[in-house]
Amino acid sequence: MNCRELEVLLVEDNPDDAALTLRSLKKHNFLNTIHVVSDGAAALERVFGDADTPEPPLPRVIFLDLKLPKINGLEVLRKLKSDERTRSIPVVVLTSSMEHQDMEECYRLGVNSYIVKPVEFDNFARSIAELGLYWLVLNKVPEG
Amino acid sequence: MNAYKFFRKFELRRVPPAFFLIVGSMPLAAQPASNMRVLTFNLFGKTARLQLSVGTLGLAVILMLTLLFLLAAVLAVFARRRAKEAEAANRKLNAEIEVRKRAEEEIRTLNADLERRVAERTAQLGDANKQLEAFSYSVAHDLKAPLRAVSGFSNALMEDYGSRLDGEARQYLHSIARGAKTMGKLIDDLLAFSRQGLKEMEPSRIDMDEMAKSVFEELRRAAPERKLECRLRSLPSARGDRAMVRQIWVNLLSNAIKFTEPKDYPVIEAGCAESSGNQNIYYVKDNGAGFDMSYADKLFGIFQRLHSGKDFEGTGVGLAIVRRIVQRHGGRIWAEGRVNEGATFHFTLPAEGEEHELSRTGSASC
């Protein structure tokens with residue numbers, strides 16, 4: 001099984017934000033496989049598998065929103081970072097929240113990066129492009 | 001001498017029986033002799049005999065009994081009166097005790113009620129604070145997402161289909177994007193403002209010289225194209241929350257930099273107007289756009305602006321934040337200005353060592 005088959009898992013409940021993120025990555029020529037899920041439960045299922053796919057391919061990086069339906073981003077992060085199999089997957093929190101409590105909790109749980117999504121489109125597109133460059137090109141992860 | 005003879009001699013046969021009572025002796029024996037009774041007394045260790053007629057004796061006994069009865073009656077009357085008095089005093093005392101008990105009970109009830117109400121209010125305040133936090137949290141998370149869509153898709157439209165739109169349509173798209181950007185900034189500033197009211201203060205000694213200097217250097221680096229003259233006078237140390245007080249300097253100095261932009265020779269001055277007593281009065285002065293003193297009361301209101309967005313950027317939150325921080329430190333802030341001649345902002349902070357003053361005002365929210 002190719003463990004890096006899925007490259008980016010984008011956990012985002014807002015379809016507009018998801019579309020803008022995908023567009024920015026595409027615009028900057030990142031043609032990696034990106035899978036979008038819209039809630040925390042689906043994200044955990046995608047990573048840990050379900051009855052049909054007990055051992056799904058692990059993503060190379062996870063872009064995670066914090067405010068999500070069903071299971072929130074912090075809980076997803078906690079589960080990912082407390083499991084031996086998924087601990088080494090880089091998790092980038094992509095959120096609108098500049099709240100101190102969110103940042104503190106994320107870093108306590110072992111987030112790899114915390115990005116506040118800018119409202120302004122130019123800044124947002126640039127942030128996404130830089131994230132893609134850093135996590136998909138520059139950053140190295142152990143090959144499964 | 002024979003007592004009988006003695007009494008006879010002095011014709012004391014009719015000596016009042018009270019006499020015997022007084023001398024404390026009792027008849028030892030009474031011997032009948034026709035209508036006479038002989039009484040033998042033991043008087044001071046000597047035996048005395050007294051012969052009395054039966055009538056006299058009876059009279060004496062009756063008299064004695066009457067006297068005893070009268071005495072008893074008088075005593076009884078006195079006793080009853082005393083008893084009544086005592087009873088009345090007792091009743092009064094009981095009533096007083098009852099009143100006091102009731103008062104104490106009332107105080108206890110009032111105290112309990114007060115404590116309950118304080119607890120209730122504290123809980124309500126805690127709830128209100130939590131709601132406010134939840135509100136800002138929700139604003140931070142939810143309110144910005146639609147804005148990102150507005151800004152994002154109007155830009156995407158411009159990028160992908162701009163060539164097919166005429167100039168006017170492109171202008172509209174710019175306006176949409178600019179509006180979204182401004183609103184994003186407003187939301188961020190509003191959140192920053194509400195955070196200043198909720199944040200717990202951590203007072204410590206602040207080297208104001210060093211802080212003002214570092215803030216100014218930082219702001220100068222952000223605007224390298226500006227030729228700014230900054231006169232930093234000696235600033236006494238203050239006591240306050242470091243991050244908050246730094247925010248005061250950031251907001252006041254960046255305002256001064258912003259509003260001196262049209263000037264050829266912008267001069268910004270920071271100093272201390274007064275440092276006697278427990279409060280220091282600091283000031284930031286510039287020779288910039290200034291303001292009309294008739295609007296001075298509006299300067300510190302949230303979202304209040306005295307200049308148009310076209311002339312000077314801004315959301316009207318900076319000075320509101322400064323005022324909130326100063327108030328939370330128990331200080332005051334005021335401003336003087338003249339249109340096109342400049343503005344001076346004065347603010348007071350506790351002088352170093354005013355710990356008590358600060359902790360008292362620290363809990364006040366505004």
Side-chain angles (χ1 to χ4, degrees), chain A residues 10-29 36 38-40 63-77 93-106 114-129 131, chain B residues 129-130 132-162 170 173-202 241 243-244 247 313 315:
Chain A
L10 176 61
V11 193
E12 173 63 76
D13 65 320
N14 184 325
D16 291 333
D17 272 4
L20 288 171
T21 306
L22 291 176
R23 183 181 179 276
S24 296
L25 286 172
K26 209 168 93 188
K27 279 265 165 182
H28 290 87
N29 300 318
V36 185
S38 60
D39 65 69
F63 292 163
L64 180 68
D65 191 9
L66 283 187
K67 215 173 172 211
L68 293 168
K70 294 182 189 172
I71 299 174
N72 72 28
L74 287 172
E75 187 57 24
V76 172
L77 180 63
V93 162
L94 261 180
T95 173
S96 303
S97 167
M98 251 193 282
E99 296 294 297
H100 192 65
Q101 71 210 59
D102 283 337
M103 273 183 231
E104 247 179 22
E105 186 62 8
C106 280
Y114 187 103
I115 310 290
V116 177
K117 288 187 269 191
V119 163
E120 233 183 304
F121 177 75
D122 289 343
N123 293 341
F124 180 75
R126 201 170 46 242
S127 307
I128 298 296
L131 274 180
Chain B
N129 258 352
K130 267 198 198 120
L132 208 60
E133 270 172 44
F135 173 74
S136 0
Y137 190 83
S138 167
V139 167
H141 280 274
D142 300 334
L143 222 56
K144 277 157 76 182
L147 276 180
R148 206 161 31 247
V150 174
S151 165
F153 287 106
S154 55
N155 273 280
L157 198 59
M158 182 80 93
E159 273 181 31
D160 299 350
Y161 303 94
R170 281 205 294 273
L173 281 177
H174 274 304
S175 296
I176 293 171
R178 203 173 45 239
K181 179 184 165 185
T182 307
M183 190 163 168
K185 180 90 179 77
L186 280 171
I187 291 172
D188 282 345
D189 286 353
L190 194 61
L191 287 176
F193 178 71
S194 89
R195 265 198 293 271
Q196 295 300 340
L198 295 171
K199 215 156 61 179
E200 290 233 349
M201 304 219 300
E202 288 170 27
D241 182 283
M244 286 185 169
Q247 193 67 50
E313 270 197 358
T315 54

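Below, chain A is the first sequence line, B the second, and so on; all start at residue 1.
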| task | For the pair A:Lys27 and B:Asp160, find out whether any cationic side-chain nitrogen is under 4.0 Å from an anionic carboxylate oxygen. | result | yes
| Shortest non-hydrogen contact between B:Ala149 and A:Asp16, atoms and distance | CB-OD2, 3.5 Å
| query | Does the side chain of A:Asn123 reach to within under 4.5 Å of the side chain of B:Lys181, using non-hydrogen atoms? | reply | no
| Taking C-beta and beyond as the side chain, do A:Phe124 and B:Asn155 meet within less than 4.5 Å on heavy atoms? | no
| said: For a 4.5 angstrom cut-off between non-hydrogen side-chain atoms, does B:Arg148 reach A:Asn14? | reply: no
| Counting heavy atoms not belonging to A:Gln101, are there more than 12 under 6.0 Å from its CD? | yes
| query | With a 4.5 angstrom heavy-atom cut-off, which part of A:Lys117 approaches chain B: side chain, backbone, both or neither? | reply | both
